[in-house]
Every structure is written in structure tokens, then in C-alpha cells.
Chemist: 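One structure follows; several queries about it will come next.
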Amino acid sequence: MIDIKRLRDSPDEFKAAAARRAPDIIPQLDAILELDHQRRALVQKVEALKADRNEASEEVARRKKAGEDAAELLTRLKTLSGEIKEQDPKLRETEGNLKQQILRIPNTPLEDVPEGDPTANRELRTWGDRPSFSFDPKPHWELGERLGVLDLPRGAKIAGSGFPVYIGQGSKLIRSLINFMLDIHTTEHGYREMWPPALVNESSALATGQLPDLENNMYVTGDGLYLIPTAEVPVTNFHRDEVLSGDELPFGYAAYSPCFRREAGAHGKDTRGIIRIHQFDKVELVRYCTPDTSTDQLELLLDHAETVLQRLNLPYRVIVLATGDIGFSSAKTYDLEVWASGLGTWLEVSSASVFTDFQARRANIRYRPTPHSKPVFVHTLNASALALPRTIIALLENNQLEDGSVRIPEPLVPYMGVDRLTSHGG
RNA sequence: GGACAGGUGGCCGAGUGGUCGAAGGCGCGCGCCUGGAGAGCGCGUAGGCGGUAUCCCCGUCUCGUGGGUUCGAAUCCCACCCUGUCCGCCA
């Protein structure tokens, strides 16, 4: 949620920042300013009436206590109360409209975010060498099927397309990767582990910014709960409506969760194999920090995500997203894209974002800089570290041998118990 | 899912229609005391919004949430949410 006071106090500055991401947003901001103006006028009107009412009401109490007559005062109060009941709903309606509109305004990007549509995304650096092959490297769906670790047709039979089944060593690879990633983040990067609910209520989805804009991309249950598209939602909401003490910041959680995405409107794009699916697994990092440290925290977070790719020896590149490509709640986002040899393309496996106080406002997460100072909003950040399917794609495709078997990267061997995936490996 | 009991400030806990934003306690902050610490004593300790204004003041709202009754609601009524206990069901 944007800071209405910032918009009100320096509208030109705010509009310029917001327009870097969405040039057509100015009329919406003007509408908000107008509504805010109306709202404040109404507040003053209604509160003046209430002040009169409260004063007269106290006088009634005093007179009754003293055994005096208050009939004449009561008639005056009756008309006053009637007037309040007429004006108050107007105020509430205006406030409701204003809130609705504010909730639809995306976060303003940081100054150093390149401006433009996705073609303005910038590659910052690459890590590792893309493997070379003496044969034609195969795509993961062929490898997975031949190895007997991935069964897409049966997944489609059970649930539908986009719900893969991992079997045998494939299933073991999933839990090995989850443990591997969580172990790194908890023992080396200082994260506290969390196992959150996979369903959340409306307030939670609203707080992290999935609602109202991404409503169509989430599965909804008949009970009005949402299947989480990322652990970011439950983990960030863990501290919703709380005041944290300043000296515990910064801190972070590492959480594994299944993720569910309808991918509505993504027809025909990256549909083969497990590139884009409806249910997948992910280890997510969420950090809370003070406003002055959040840009440094983003670099730290990115580093934590990169560590996983480096340990797995998967070549990747770091992209800074342009203003037109960052998510609704984000102020700045880095994507990590891993190289997939069989597909011959880069795949996004992680997205690291700083949300400044945007989510904290929606979720009402604050902290006290000192024991008696007023609470202020924290800054929140998160990064995938990593999303599993595309990590698996890269693992299979980059480490494949000519006979169709796949080498397991050394750090993963203790988790897998084998150093090769073979078609007779079970 | 059913029955009953509850949801009050950072925490515990009083308060059943009128100076109640809320007694008391704990915690926390500042000070006194002390060689130092503790104990003890004193003072201070919610947030949102609006106005005004550089941190003073004024108004308003908030006692789970949303409605209602009333001149006036923490207190009465309705709905919903949540927690506890028992029953049912179940991994």
C-alpha cells in the first residue's frame, strides 16, 4: 500500500516515481488525491458534530447526576445525533472508495531500477560455464521419462495438465533438494525455519499484494481460502498486525512450501515438461528489516539465493528487472536465471525483491526503533531459493550423459545416496 | 459438525448504560537510593485518523470484527470470526 501522506505532501515527486513503472497511472493518483481531499473535509465536518454531541452528552450526565432536568438538552442532542447519522455514512463510503483505489496502486520502483518494459531488463553478470556436449542434449521431459523419475501423463490423469508426478529417484530428488536448500539457509545464512500453512485467508492474500490484482491466478476453496502461490504469503503474514522490537531486526525465515498457480492467461507459453506448472515446490526466504538497511538486505538475499546455484554448479545470470516488469508489490527485483542445456535457454529460478514498506503497510507490521518511540513500518523482502522444477530441469539437462543417465552434483550426493540417476536406479 | 464458557492496553486482570482510553498488577523507560547490583520509593508508559504545529496542544475513533438499540455502549441486542472445554468425527 502506498503512503497517502507522501502522495499528498509531494504529489509531483510521487507521480513522477509512479509513472516510471506505469505511465498511465497519473489519472488514478489524481482521483485518489481528490477523494482524499473530500475525505478530510468530511472528517472535519463529522468530528465537529461529534465533539458537540460528546460535550452535550457529558452535560446530560452531569445534570442527571445532580437531579436536574435535561429534557431540553436531550431534544437538541436528538437532532445532533440525527445529523451525525446522516453524515457519517458519507464519510465511511468515501473512506471505503479511497481504500479500494489505494489498494490497487502498485509500489513505486526504486530510483536505480531501469525504466521501461521487459526489454529494458538488464543482465548484471553471469556465473559459471555452460556445459558443452559431444551429442545433442535432450530436454528434461525426455530424460525424465526415460529415467522413470517424471510422469506427466499420469499426473494429468490424476489432477490435470500441469500437475507432474515425481517417482522413485525423482521423488527423492525433490526432498533432497528441499533439505539441501533449507540446510544451507538455516545453518549458514542464519534463517529460522518455518513450515507454514498452504492455504491462507483473504486478509493474508491482501497483505502481500496477491489481492486484489492477482485474484485470477490463485486457486480458491469453497471456504473462501486461497491456495498459496508462494510461501511468501503465509510467512510474511506471520507477523501481521504486530509491533516488533527494533533490536531483533533484521531477521529472516526459510520456508519450504508447495505452491499453486492457476497460470490463467499463460496458455501456450512454456507449456512443455515442467517449465510452467500448476503445483510446484519451493524454498522461500523472507526477511524483515529497518527501512535504512533494506537495499543492502536485498543484495544479501540475492547472495543467499545465488549460493544454492553455485553449490549445485549450475550456470546462471543475474537480471535486474525494469520498472515495467517488476511485481505489483516490489520496489526492485533481481531474477536469477539458470541455464538449461536441453532447452537451450535461460529459466527463471529465483526472484529476489525488496518491497520497502509496501507490504508492511498492508500487513501492518511495525517496529519500535527505541523502546518508547512510535512504531514505524518495517521493510520486507523475499527471494526464492530456489524454485524446484526449473532447478531440476537444469540439473537433468546440464548433467546428462550420452547414455541418458544424469550425474548428481557432489553436494547433493549425501542427500540422494547415489551419484547418478540411471534408468535402472529405481 | 453440536453444547457450554470466553475474547479488554506489550502481558495479566477489574469493570454490566453516562468525566472509562479504561482500576490494580506485571513488564518497560527515567529518576532517587546504593561502593555496585537487587530490593524499595517517585514519575512516566497504546494506536489510527484529522487539525494545528518541527516533536506541545486540540478533536475524533478504537475494549475480537461488522451492524443495531440509545441523547449516550467495553457494558444491551443481532450476525460473523477466533480461543478453551466436553461430545462427535478423524490421520
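The sequence lines fix the lettering, A, B, ..., with proteins before strands; numbering per chain opens at 1.
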Chemist: Using atom C1' in both nucleotides, what's the gap between B:C89 and B:A5 to the nearest angstrom?
Modeler: 22 Å
Chemist: Test side chain to side chain contact (heavy atoms under 4.5 Å, CB included) on A:Ile275 and A:His140 and set out the steps.
Modeler: CA-CA 10 Å; A:Ile275 303 170; A:His140 64 279; 3.9 Å; yes
Chemist: For A:Asp52 and B:U60, give me the distance from atom CG to atom C1', rounded to whole Å.
Modeler: 12 Å
Chemist: Output yes when at least one side-chain N/O atom of A:Arg53 is less than 4.0 Å from OP1 or OP2 of B:C61, else no.
Modeler: yes
Chemist: Mind checking the P distance from B:A23 to B:G44? Whole angstroms is fine.
Modeler: 13 Å
Chemist: Check the phosphate of B:G48 against A:Asn364, side-chain N and O only, distance under 4.0 Å to OP1 or OP2. Yes or no?
Modeler: no
Chemist: Take atom P in B:U16 and the same atom in B:C11, then report the distance between them in whole Å.
Modeler: 23 Å
Chemist: I need the CG-P distance between A:Leu80 and B:G72, as an integer number of Å.
Modeler: 10 Å
Chemist: Does B:G59 have a Watson-Crick or wobble mate here (both distances under 3.5 Å), and if so which one?
Modeler: B:C49
Chemist: Counting heavy atoms from C-beta on, name the nucleotide in B:G48, B:A46, B:G18 closest to the side chain of A:Arg368.
Modeler: B:A46
Chemist: Could you tell me how far B:U34 sits from B:G25 if I compare only their C1' atoms? Round to whole Å.
Modeler: 27 Å
Chemist: Hey, is the side chain of A:Asn54 poking within less than 4.0 Å of OP1 or OP2 on B:G72, counting only N and O atoms?
Modeler: no
Chemist: Could you tell me which nucleotide pairs with B:G40 by Watson-Crick or G-U wobble geometry, both distances under 3.5 Å, or answer none if nothing does?
Modeler: B:C32
Chemist: Does a donor on one side chain sit under 3.5 Å from an acceptor on the other, for A:Glu284 and A:Tyr256?
Modeler: no
Chemist: Considering every strand shown, what is the Watson-Crick or G-U wobble mate of B:C20 when both distances are under 3.5 Å?
Modeler: none
Chemist: Using whole Å, what does the distance between atom C1' of nucleotide B:U65 and atom CZ of A:Arg240 come to?
Modeler: 13 Å
Chemist: Distance between the P atoms of B:G24 and B:G42, in whole angstroms?
Modeler: 13 Å
Chemist: B:G72 phosphate, OP1 or OP2: any side-chain N/O from A:Ser81 under 4.0 angstrom?
Modeler: yes
Chemist: Does OP1 or OP2 of B:C71 have a side-chain N or O of A:Lys78 closer than 4.0 Å?
Modeler: yes
Chemist: Heavy atoms under 4.0 Å, any strand shown: does A:Arg63 hit a base, just sugar-phosphate, or nothing?
Modeler: nothing
Chemist: Taking 4.0 Å as the cut-off, does a side-chain nitrogen or oxygen of A:Arg39 come that near to OP1 or OP2 on B:G50?
Modeler: yes
Chemist: When the C1' atoms of B:A79 and B:C90 are considered, how many whole Å apart are they?
Modeler: 30 Å
Chemist: How far does the C1' atom of B:G59 sit from the matching atom of B:G6, given to the nearest Å?
Modeler: 35 Å
Chemist: Should we say atom CD of A:Glu111 is surrounded by more than 12 heavy atoms from elsewhere, each under 6.0 Å from it?
Modeler: no
Chemist: Could you state the CG-P distance from A:Asp88 to B:G66, rounded to the nearest angstrom?
Modeler: 13 Å
Chemist: May I ask which nucleotide in the shown strands pairs with B:U69, Watson-Crick or G-U wobble, both distances under 3.5 Å?
Modeler: none
Chemist: Between atom CD in A:Gln87 and atom C1' in B:C61, what is the gap in whole Å?
Modeler: 17 Å
Chemist: Please determine, for B:A5, whether a Watson-Crick or G-U wobble partner exists with both distances under 3.5 Å, and give it or none.
Modeler: B:U83
Chemist: When you measure from the side chain of A:Lys5, which nucleotide among B:G72, B:G47, B:G50 comes out closest?
Modeler: B:G50
Chemist: Please work out whether the ring planes of A:Tyr253 and A:Phe238 are parallel, tilted or perpendicular, with thresholds of 30° and 60°.
Modeler: perpendicular
Chemist: Are A:Phe358 and A:Phe328, when compared by the centres of their aromatic rings, separated by less than 6.0 Å?
Modeler: yes
Chemist: A:Lys85 side chain N/O closer than 4.0 Å to the phosphate oxygens (OP1, OP2) of B:U70?
Modeler: no
Chemist: Of the nucleotides B:C71, B:G48, B:U60, which one has an atom closest to the side chain of A:Lys50?
Modeler: B:U60
Chemist: Hunt down the Watson-Crick or G-U wobble partner of B:C89, both distances under 3.5 Å, from any strand shown, or write none.
Modeler: none
Chemist: Angle class for the A:Tyr191/A:His189 ring planes (parallel below 30°, perpendicular above 60°, tilted otherwise)?
Modeler: perpendicular
Chemist: Using heavy atoms to find the nearest nucleotide of RNA chain B for A:Arg366 and A:Val46 separately, return the residue whose nucleotide is more 5′.
Modeler: A:Arg366
Chemist: Using a heavy-atom cut-off of under 4.0 Å over every strand shown, decide if A:Lys45 touches base, sugar-phosphate, or nothing.
Modeler: nothing
Chemist: For A:Arg92 and B:G67, is the shortest distance between a side-chain N/O and OP1 or OP2 below 4.0 Å?
Modeler: yes
Chemist: Flag the pair A:His239 / A:Tyr288 as yes when their ring centroid distance falls below 6.0 Å, and as no otherwise.
Modeler: yes
Chemist: Distance between the P atoms of B:A22 and B:G9, in whole angstroms?
Modeler: 15 Å
Chemist: Has A:Arg40 got a side-chain N or O lying under 4.0 Å from the OP1 or OP2 atom of B:C49?
Modeler: no
Chemist: Here's a test of your reading of the structure: between A:Gln44 and A:Ala51, which maps to the more 5' nucleotide of RNA chain B?
Modeler: A:Gln44
Chemist: Could you give me the CA-CA distance, side-chain angles and deciding distance for A:Leu225 and A:Val220, then say whether side chain to side chain contact (heavy atoms under 4.5 Å, CB included) is met?
Modeler: CA-CA 6 Å; A:Leu225 296 171; A:Val220 197; over 6 Å; no
Chemist: When you measure from the side-chain N and O atoms of A:Arg8 to the phosphate of B:G50, is any distance below 4.0 Å, counting only OP1 and OP2?
Modeler: yes
Chemist: Return the pairing partner of B:C26 with a 3.5 Å limit on both distances, Watson-Crick or G-U wobble; otherwise return none.
Modeler: B:G10
Chemist: In whole angstrom, what separates A:Ile84's CD1 from B:G59's C1'?
Modeler: 13 Å
